[in-house]
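The first residue of the sequence shown is numbered 1, and numbering continues consecutively from there. All values below were derived from every heavy atom in this structure, side-chain atoms included, with hydrogens, water molecules and symmetry-related copies excluded.
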Amino acid sequence: MLLEACYHVPRDKWAYAYDVTTIHLRLRTKRDDVEHIFAMTGDKYDWNRTFQEIPMEIIAHDAMFDYWEVAVKPKYKRLSYAFKLTAGTETVYMLDTGIQHQAPNPPGELYEFSYIHEIDVFKVPDWAKQAVFYQIMPERFANGDPSNDPEHTAPWGGNPTIDNFFGGDLQGVLDHLDHLCDLGINAIYFTPLFVSPSNHKYDTVDYKQVDPHFGDNALLKKVVETCHSRGIRVVLDAVFNHCSEQSPQFQDVLKNGQQSKYADWFHINEFPAAVKVGIPTYDTFGFFGNMPKFNTANPEVKEYLLGVAEYWIKEIKLDGWRLDVANEVDHHFWRDFRKVVKKANPEAYIIGEVWSDSLNWLLGDQFDSVMNYPFADAVLQFFNGGMDGYSFSNEMGSLIMRYPQQTNEVVFNMLCSHDTARLLTRVGGDKRKLKLCTVFLFTYMGTPCIYYGDEVGLTGNSDPDCRKCMEWDSKKQDRELFDFYRMMISLRKKHTALTQGRFRFLQAGKNDGCIVYERIDDSMHFIIWMNNTDKSRTLSHRMETNDWRDALSGDKVETQKGSMNIGLDPFGFRILYRELKKR
């Protein structure tokens with residue numbers, strides 16, 4: 001065994017409480033190097049009577065490592081533990097004091113999980129596990145009230161530019177809720193709604209007022225109440241990293257300079273605040289002078305912004321916040337943010353915009369979830385032919401091992417957004433590839449999100465082209481694609497195995513675009529077969545039972561001599577399931 005590859009620490013994603021009775025232990029070893037691992041567990045105060053040697057299971061791989069996991073339910077909420085690794089005739093033990101060949105003398109020298117304190121257990125909102133989100137840019141979704149259109153509003157459906165307006169508003173959302181309900185959506189994520197000079201509203205002027213081009217506060221409250229009456233949760237976008245240069249606070253700084261009472265609300269590096277040769281003398285989002293960055297360590301700024309977060313949770317019974325540029329705001333702020341929001345609504349869902357490994361924000365004291373762009377990148381690369389099944393399984397295994405399980409169950413998965421090209425465009429206009437991507441999205445772990453219009457075939461390159469007006473002419477909509485999305489959403493919502501069950505690849509070979517993977521919980525077992533190639537293929541996999549059915553048609557699928565052979569068209573898929581007998 002390559003002992004240098006073995007890794008475990010008794011914290012973070014490697015040893016954590018999944019719930020008030022269960023501790024998850026994880027261990028890393030070199031790929032294909034270790035045959036068996038057992039977790040040696042017990043209570044340090046009563047070791048002999050509580051000792052258990054529990055086999056661990058490989059839950060994921062990446063290019064270099066295997067990742068093992070076991071769920072332990074300690075009798076007294078305390079756990080001392082070590083790991084016993086075997087390969088051939090070699091046996092080693094991993095302890096808190098290091099790796100050794102001789103058996104330990106418990107409970108000394110073992111790792112410890114001191115106690116499962118309920119207050120320390122990272123709890124995520126249960127509803128987010130069953131949620132299917134729909135992202136809406138209100139300015140581009142539907143124009144329900146032409147009387148509040150901005151000056152020089154362009155005709156609906158024209159070419160989007162960085163700064164043009166089409167008149168979309170909250171009344172337009174109300175008018176089209178039937179579309180979302182028909183699709184099966186049960187959660188909406190709105191991009192910013194508050195007063196702002198731009199069409200995207202990510203440069204906020206007034207955080208407590210809905211932009212008049214969208215309606216008013218009363219209309220937003222009506223939208224949320226109507227959504228709730230239809231079983232739809234609502235999450236708003238908050239921009240607390242920066243505001244608009246037109247905000248009253250920053251305008252005061254421009255006017256009064258260092259004497260402004262808001263001078264310390266921002267990071268002013270040189271007075272007067274100005275843009276010199278394209279670079280602001282104050283910190284901003286990127287180098288955009290119209291988006292000055294807040295000093296969130298300032299107590300007055302923190303009180304102001306946390307007051308905004310609490311206000312909307314209470315005022316409209318908001319179900320959560322999506323937090324823009326979250327990685328550029330200090331952790332102290334986000335810890336206080338979580339306390340304020342969860343006190344106002346313990347079931348609020350908090351999503352941070354972080355584009356890379358986000359573990360620092362997902363340890364239970366800040367966010368529940370993040371925008372999982374690495375998921376989208378890996379999925380699009382595989383289904384566009386940029387990697388084989390083996391590499392794809394490695395990429396997904398690496399993503400699974402980034403976070404604790406409760407985060408993996410609600411991580412915010414999308415295939416495109418207002419910040420990327422649209423899905424149909426990202427797959428080169430090939431609807432078969434789009435469907436494969438979408439099947440994977442809805443049969444994978446995490447909370448799926450659809451960007452408005454993807455379900456009817458909207459296309460578009462990167463911003464601003466990806467922010468086209470929604471197409472409401474049914475003759476111009478791809479209704480077959482709409483029905484496909486509706487079918488996949490219905491399948492996911494019907495089965496907990498697709499929302500909380502274990503995920504594992506069963507086949508993912510080198511130089512092969514075909515994959516087979518499973519989702520399984522206590523009541524249902526799904527196996528998904530995918531042919532991500534341009535040729536017809538027959539895939540085979542050993543099946544121990546003969547009680548499988550097609551998840552979409554309900555037809556029985558027979559095995560042959562303990563194996564199942566599935567013929568798939570180019571870029572085709574098949575979803576099979578069986579019910580598990582209750583023990």
Side-chain angles (χ1 to χ4, degrees), residues 6-29 34-60 66-86 91-100 102-126 129 346 359 362-365 368 400-410 445 496 500-504 520-523 580 582-583:
C6 300
Y7 184 77
H8 172 82
V9 288
R11 61 179 184 273
D12 303 338
K13 63 184 180 182
W14 299 97
Y16 62 91
Y18 175 68
D19 55 35
V20 294
T21 64
T22 311
I23 295 170
H24 284 185
L25 302 178
R26 291 173 170 177
L27 175 65
R28 187 193 76 188
T29 63
V34 177
E35 294 174 2
H36 304 285
I37 300 181
F38 298 88
M40 305 168 64
T41 70
D43 188 286
K44 66 180 179 180
Y45 298 117
D46 192 8
W47 181 265
N48 290 333
R49 287 190 295 181
T50 60
F51 171 72
Q52 295 183 81
E53 192 167 281
I54 310 172
M56 300 183 72
E57 184 177 18
I58 295 176
I59 62 165
D66 290 328
Y67 297 94
W68 304 71
E69 184 178 89
V70 66
V72 185
K73 292 183 178 291
K75 186 175 181 179
Y76 302 110
K77 299 186 179 180
R78 299 180 297 260
L79 191 68
S80 294
Y81 63 96
F83 301 106
K84 177 182 176 182
L85 294 74
T86 66
T91 298
V92 299
Y93 300 87
M94 282 187 67
L95 317 174
D96 190 44
T97 53
I99 299 176
Q100 60 188 44
Q102 66 272 27
N105 185 26
E109 304 181 322
L110 304 191
Y111 296 106
E112 282 196 22
F113 195 104
S114 301
Y115 191 82
I116 302 177
H117 289 280
E118 184 172 2
I119 195 172
D120 289 334
V121 176
F122 181 12
K123 301 181 183 69
V124 298
D126 280 338
K129 299 175 185 177
L359 184 63
L362 295 169
L363 296 174
D365 59 345
D368 298 312
I400 290 168
M401 293 309 301
R402 281 186 172 185
Y403 309 129
Q405 181 175 327
Q406 50 263 63
T407 292
N408 283 332
E409 290 172 350
V410 298
M445 292 185 295
T496 57
Q500 294 174 250
R502 183 185 69 181
F503 172 92
R504 184 174 63 174
I520 184 170
D521 67 2
D522 293 336
S523 62
L580 301 178
K582 300 290 185 181
R583 294 182 179 179

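Although no hydrogens or angles enter the test, the distance criterion places no donor-acceptor pair under 3.5 Å between the side chain of Gln52 and the main chain of Ile54. A donor-acceptor contact shorter than 3.5 Å is absent between the side chain of Tyr403 and the backbone of Glu409. When atom types are taken as modelled, the side chain of Lys84 and the backbone of Ala103 share no donor-acceptor pair closer than 3.5 angstrom.
Counting heavy atoms from C-beta outward, Leu85 and Leu27 have side chains that approach closer than 4.5 Å. You'll find the side chain of Cys6 reaches within 4.5 Å of the side chain of Thr29, heavy atoms only. For the pair Glu69/Arg502, no side-chain contact is recorded, criterion being any heavy-atom separation below 4.5 Å from C-beta on. In this structure, the side chains of Pro404 and Asp12 stay at 4.5 Å or more apart for every pair of heavy atoms. Using a 4.5 Å heavy-atom cutoff, the side chains of Thr407 and Arg402 are not in contact. Using a 4.5 Å heavy-atom threshold, the side chains of Met40 and Leu110 count as separate. Within the 4.5 Å cutoff, the side chain of Arg28 has no heavy atoms near those of the Met401 side chain. Side chains of Phe503 and Asn408 form no contact here, defined as non-hydrogen atoms less than 4.5 Å apart.
With no hydrogens or angles considered, no side-chain donor-acceptor pair links Ser80 and Trp47 at under 3.5 Å.
Heavy atoms only, all atoms of each residue included: Val20 and Lys77 are closest at O-CE, 4.2 Å. Of all non-hydrogen atoms in Val124 and Gln406, the two that sit nearest each other are CG2-O, 3.7 Å. Summarising the geometry of Pro104 relative to Tyr93, their closest heavy-atom pair is CD-CD2, 3.6 Å, with the distance given to 0.1 Å.
Here Ile400 contributes atom CD1 and Arg504 contributes atom CZ; the two are 11.5 Å apart, rounded to the nearest 0.5 Å. Atom CD1 of Ile37 and atom CD of Glu57 lie 12.0 Å apart (nearest 0.5 Å). In this structure, CG on Leu580 lies 7.5 Å from CG on Asp521, to the nearest 0.5 angstrom.
By the 30° and 60° cut-offs, the orientation of the rings of His8 relative to Phe83 is perpendicular.
Shown here are the ring-ring contact (aromatic ring centres under 6.0 Å, His included) partners of Tyr18, two or more places apart in sequence or in another chain: His24.
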